[in-house]
2 protein chains.
Amino acid sequence: MQKFYVALDKSPYPITVGSDLLHQPGLITPYLFGEQVCIVTDETVAPLYLETIKNTLKNYQCDEIILPDGEEYKTLATVELIFDKLLSNRHTRSTTLIALGGGVVGDITGFTAACYLRGVNFIQIPTTLLAQVDASIGGKTGVNHPLGKNMIGAFYQPRCVICDIDVLKTLAAREFQAGFAEVIKYGLIQDAAFFSWLEEHCEDLLKREPNDLGHAVLRSAQIKSAIVEKDERENSLRALLNLGHTFGHAIENLAGYGNILHGEAVAIGISLATELSVIKKWTSTDEMNRIKKLLQKMNLPIQWSPEISGMALVKQMMNDKKNIHGKLRLVLLKNIGNGIVTDEVSEEELYQSLLK
Amino acid sequence: MQKFYVALDKSPYPITVGSDLLHQPGLITPYLFGEQVCIVTDETVAPLYLETIKNTLKNYQCDEIILPDGEEYKTLATVELIFDKLLSNRHTRSTTLIALGGGVVGDITGFTAACYLRGVNFIQIPTTLLAQVDASIGGKTGVNHPLGKNMIGAFYQPRCVICDIDVLKTLAAREFQAGFAEVIKYGLIQDAAFFSWLEEHCEDLLKREPNDLGHAVLRSAQIKSAIVEKDERENSLRALLNLGHTFGHAIENLAGYGNILHGEAVAIGISLATELSVIKKWTSTDEMNRIKKLLQKMNLPIQWSPEISGMALVKQMMNDKKNIHGKLRLVLLKNIGNGIVTDEVSEEELYQSLLK
């Protein structure tokens, strides 16, 4: 079991990574303020781990909400459902919400905690690799709007994050592998040694060897936390974490949500960002080949589906970025371990890269 | 025109109080980040002041949302309506929401700003006395839930607050007078000299004499801001601002919203809190008489409607407080200018005070 702290404005909070954590009340109860808890989880995770968590909270008023599984339920309507439950069961300002699930559950629960009685305590217990290395860390919470993903939300930090490696055993292979897109991303943007370590250990990681898996999760969480500490609200540095995401979101949009996993879209996005970095002469072809090779070894895609035209992809990217977030900014690589946020990519270079 | 700054965690922001402020672009435009603005207002205020504000923003993409008037629209559904407009009109992270209206408009707009793209800029232009001296200051934003008022919300500070005294001329007498319950409250909890000043100037204030009105708004805003600076999230000191509100909320609930104005309920609440302070032997009968006299001179009620039983009022208070916010805490007076937050009020004392 390893623990480190995320040091933000207010009190620092711990992220614990290890095996057999869900049975340990000592990891949760010190972070509860009052005698009330509400566990938010989904239909996939509830049968596996809900009772385990409830057993550690026998001395508390412990309510539960089991959401249907899927991104399509990440809406304000679901948040309202949780408000109804909390108010009906008279949860006070000292209650704690516990998010037990993947990124969708974490995002919804965190946003609900941010808004209930103007903000109550919450704890993240992520149960997917993607949520352990990415979604549960950094305080980005929110829900989708029919006109765009994560358009409604808050920056709201949990009181602690508990990453139990054992729960990854039950993940479907495709979902498990998809999480590695984000893991590889951390090596690429900030830590060349970690990238090399991933190259060396990718077979053991795919076999879900606990020690290797623990290290991959811990190092990813540390890299993300260190970036978030320096730029919680994404005014500058935090944008680095979007490597592969601008391409990835456009691909997800065009493929239709549900047809491609987020991690898979990010893997393709990383590959495209790398190709563009080569066009900019910032990254060598050798490095590009190493990156693509590692993605492929993790069974991740590096090319988008032929049903999507390169032209449609460029249009979608320009549309996403220019209209909602301002001008087109991309994360590219100077080399492995050295990401860079840039708005120096012309539309021509984008075409050159995508319409080849 | 007088200006002072509220110094919170992040950058301090100004509150400007004076006449003829709405025509001055220089009070708004320095606080805009980008080229987009969305003014949120209501059907009562829009015909009076919307064009004036829009005229100061001719170089901006200036959208508007005119809400139906009334507390019953202070819901998540209204927030969603604003999200729809913002996303349809492609408002980016650098947009600014302007709340032009009373407390309801300010609370809804602030909460929407807190959640849109995880937080965008917003400006308060309060157009009622109540909003100028209370609701627009301190960053409490939110909406109601069928099971309770202000149950969903955020602490989210505006970028600036503009209190134009001239707009108070168009307020209905009853609404105008109700705002003084909060003004008197500030004198009672923190500033005996201000309370005496109110006693001396109450006739001119009722005549809406601009200089006196400007002073009353400025001093109220200063007292509230100073308290919020010390305790933004209401962990301690800020609770002082609830003088009269625990009683008041219970009265509003029992009377049915819309049948009594918030300020009127607070006036009755202040009167009841004072009576309880006399029972506790903290406040003298003389002081109680001064307080009741000033409330009455401002045409405010000091006794609740006979249709409500004292027993029902006690029950409602216990229910509101114990169940949603924890144990019963009240704000009482040690004497005029010296409020105190206490949980030393027994249920017996409450009965003694209310069932007389």
Side-chain angles (χ1 to χ4, degrees), chain A residues 9-10 33-36 75-77 79-95 107 110-120 138-156 232-235 319-327, chain B residues 9-10 33-36 75-77 79-95 107 110-120 138-156 232-235 319-327:
Chain A
D9 282 11
K10 294 165 203 161
F33 291 151
E35 281 136 36
Q36 297 178 309
T75 61
L76 265 187
V79 173
E80 284 207 73
L81 200 89
I82 307 176
F83 285 143
D84 293 346
K85 178 90 169 195
L86 293 171
L87 284 165
S88 303
N89 291 9
R90 298 173 177 279
H91 282 259
T92 72
R93 280 175 72 174
S94 61
T95 191
D107 284 3
F111 182 56
T112 308
C115 300
Y116 185 65
L117 305 178
R118 296 201 187 88
V120 296
K140 275 194 181 178
T141 70
V143 296
N144 300 331
H145 183 278
L147 295 177
K149 281 184 81 177
N150 296 318
M151 290 294 143
I152 304 163
F155 287 95
Y156 198 71
E232 184 182 4
R233 306 251 158 173
E234 195 165 323
N235 296 313
N319 189 51
D320 285 359
K321 283 292 158 183
K322 277 212 174 139
N323 292 317
I324 298 298
H325 300 285
K327 61 188 164 182
Chain B
D9 283 9
K10 294 166 202 160
F33 292 152
E35 280 134 38
Q36 296 177 310
T75 60
L76 265 187
V79 173
E80 284 207 73
L81 199 89
I82 307 175
F83 286 143
D84 293 347
K85 178 89 170 197
L86 293 170
L87 284 164
S88 303
N89 291 8
R90 298 172 177 279
H91 282 258
T92 71
R93 280 175 73 173
S94 62
T95 191
D107 285 4
F111 181 57
T112 308
C115 301
Y116 185 64
L117 305 177
R118 297 199 187 90
V120 297
K140 276 194 180 176
T141 71
V143 295
N144 300 331
H145 184 279
L147 295 178
K149 282 186 79 178
N150 296 318
M151 291 293 145
I152 303 162
F155 287 95
Y156 198 70
E232 184 181 2
R233 305 253 158 170
E234 195 166 321
N235 296 314
N319 190 50
D320 285 359
K321 283 291 158 184
K322 277 212 174 137
N323 293 317
I324 296 298
H325 300 285
K327 61 188 164 181

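Each chain gets a letter, A, B and so on, in the order its sequence line appears, and its residues count up from 1.
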key: CD1 on B/I152 to CG on A/L87, rounded to 0.5 Å   = 7.0 Å

task = State which residues pass side chain to side chain contact (heavy atoms under 4.5 Å, CB included) with A/D84; sequence neighbours excluded, sorted by chain then number.
result = B/H145

message = Holding to side chain to side chain donor-acceptor pair (under 3.5 Å), I want the full list of residues that pass it with B/E234, two or more places apart in sequence or in another chain.
response = B/K140, B/N242

key: Distance (rounded to the nearest 0.5 Å) between A/R118 CZ and B/F111 CZ   = 10.0 Å

key: Region of A/T141 in contact with chain B, defined by heavy-atom distances below 4.5 Å   = backbone

